[in-house]
Amino acid sequence: MTRRIRSATKRTARPVQRARRSSDPRARRGAAAERLCAEGGLAAELRIDGTSSVIGVVADLRTMKVRTSVDVPASEVAYPLAAAKRLVRMLAEAPADLHVQSLVEGENGPRGTLERLRPEPGDLLPRDGAPIAGFRLTLSKGMGNSRGNTESGFIRSVDDAVDRFHHGVVAHVGAVDARTGRRA
């Protein structure tokens, strides 16, 4: 997948490995197999050069959906409503079925689709007035179930989901500096 992203975006995409380098690859594969059996999904994280965020990819084999997501920090100098409005403005070209969720310390905040949030970005604000730490942007896509690299294949559907997310969402958000809220 990372080679295809590199050719499509002209940037290098690298898998993010949260485990220490000294950890046993066999143990990591065993843990991934256990998660697949218990949760019914495969998960990976990618970092594309030129972006400050990590793209999470989850292929849920039970619901036959591929979810791509990225966390965007909220500006520390802006009021919460100003941060929500700014995010919605930055996502003007993003798909309408993009899910946006505010992240609050220790819990998840309100969420909604971009289509519903465009006229009223204030719906992202927590009712109790808690400060917003950031936003999680998630896009889901149906997944193919055949083997191989055909149009209806699993691999192609994951590649297409990552491409759609990168070009439709991550490219518009860009690298945002959490302290000032300005693009880098």
Side-chain angles (χ1 to χ4, degrees), residues 5 8-9 11 13 16 39-144 157-184:
I5 292 170
T9 64
R11 295 180 179 184
V16 175
E39 301 169 11
L42 301 168
E45 293 180 321
L46 301 171
R47 183 181 310 275
I48 298 175
D49 288 350
T51 61
S52 61
S53 302
V54 174
I55 298 174
V57 181
V58 177
D60 191 338
L61 302 178
R62 293 181 183 169
T63 62
M64 298 301 291
K65 297 266 186 195
V66 178
R67 276 189 327 271
T68 48
S69 64
V70 67
D71 289 351
V72 177
S75 173
E76 294 175 3
V77 295
Y79 290 107
L81 182 58
K85 285 181 177 180
R86 182 175 175 277
L87 178 70
V88 170
R89 271 195 314 270
M90 287 182 358
L91 295 170
E93 300 297 318
D97 59 340
L98 177 73
H99 286 264
V100 181
Q101 180 176 23
S102 58
L103 302 174
V104 183
E105 289 295 321
E107 61 186 66
N108 294 327
R111 67 178 292 159
T113 61
L114 191 56
E115 179 179 35
R116 189 176 66 82
L117 294 170
R118 280 182 176 139
E120 190 51 56
D123 289 348
L124 282 172
L125 303 179
R127 302 243 187 266
D128 61 359
I132 296 175
F135 301 95
R136 179 167 293 138
L137 310 176
T138 306
L139 192 59
S140 294
K141 181 184 181 303
M143 178 171 51
S157 62
V158 173
D159 281 347
D160 290 344
V162 172
D163 271 352
R164 180 178 181 222
F165 188 69
H166 181 265
H167 292 297
V169 179
V170 176
H172 298 294
V173 173
V176 177
D177 182 3
R179 189 174 44 77
T180 62
R182 296 186 180 191
R183 286 185 180 205

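Reckoned from all heavy atoms, side chains included, excluding hydrogens, waters and symmetry mates.
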Peer 1: Identify the two heavy atoms, one from V88 and one from P121, that lie closest to each other, and give their separation to 0.1 Å.
Peer 2: CG2-CB, 4.0 Å

Peer 1: Quick one, K65 with V58, criterion side-chain contact (heavy atoms from CB on, under 4.5 Å). Give me CA distance, side-chain angles, the key distance, then yes/no.
Peer 2: CA-CA 8 Å; K65 297 266 186 195; V58 177; over 6 Å; no

Peer 1: Measure the CD-CG distance between E120 and L125 for me, rounded to the nearest 0.5 Å.
Peer 2: 9.0 Å

Peer 1: Just wondering, more than 12 heavy atoms not from R62 lying within 6.0 Å of its CZ?
Peer 2: yes

Peer 1: Specify the closest pair of heavy atoms between P95 and R164, including all atoms of both residues, with the distance to one decimal.
Peer 2: CB-NH2, 3.5 Å

Peer 1: NE2 of H99 to OG1 of T113: how many Å apart, nearest 0.5 Å?
Peer 2: 6.5 Å

Peer 1: Can you confirm whether L117 sits close enough to L124 that some side-chain heavy atom of one is under 4.5 Å from a side-chain heavy atom of the other?
Peer 2: yes

Peer 1: Provide the closest heavy-atom pair for V104 versus P131 in the form atom of the first, atom of the second, distance.
Peer 2: CG1-O, 3.7 Å

Peer 1: Using modelled atom types and a 3.5 Å cut-off, is there a donor and acceptor pairing between side-chain atoms of R118 and backbone atoms of L91?
Peer 2: yes

Peer 1: Closest heavy-atom contact between P119 and E115?
Peer 2: CD-O, 3.5 Å

Peer 1: Test D160 against K141 for side-chain contact (heavy atoms from CB on, under 4.5 Å), laying out the working first.
Peer 2: CA-CA 9 Å; D160 290 344; K141 181 184 181 303; 3.8 Å; yes

Peer 1: Quick check: do T138 and L98 have side-chain heavy atoms less than 4.5 Å from each other?
Peer 2: no

Peer 1: First locate atom CG of D97, then atom CZ of R116, and finally report the distance between them rounded to the nearest 0.5 Å.
Peer 2: 14.0 Å

Peer 1: Step by step, would you call E45 with I55 a side-chain contact (heavy atoms from CB on, under 4.5 Å)?
Peer 2: CA-CA 6 Å; E45 293 180 321; I55 298 174; over 6 Å; no

Peer 1: Minimum heavy-atom separation for G40 and D60, please, with both atom names.
Peer 2: O-OD1, 3.5 Å

Peer 1: Mind checking what makes side-chain hydrogen bond (donor to acceptor under 3.5 Å, both in side chains) contact with D71, not counting sequence neighbours?
Peer 2: R136

Peer 1: For F165 versus L137, what's the shortest heavy-atom pair and its separation?
Peer 2: CZ-O, 3.6 Å

Peer 1: What verdict does the side-chain contact (heavy atoms from CB on, under 4.5 Å) test give for V54 and L46, after you've listed the backbone C-alpha separation in whole Å, the side-chain angles of each residue and the deciding distance to 0.1 Å?
Peer 2: CA-CA 6 Å; V54 174; L46 301 171; over 6 Å; no

Peer 1: Check whether any side-chain N or O of T68 sits under 3.5 Å from a backbone N or O of L139 as a donor-acceptor pair, and report yes or no.
Peer 2: yes

Peer 1: To the nearest 0.5 Å, what is the distance between CZ on F135 and CZ on R111?
Peer 2: 14.0 Å

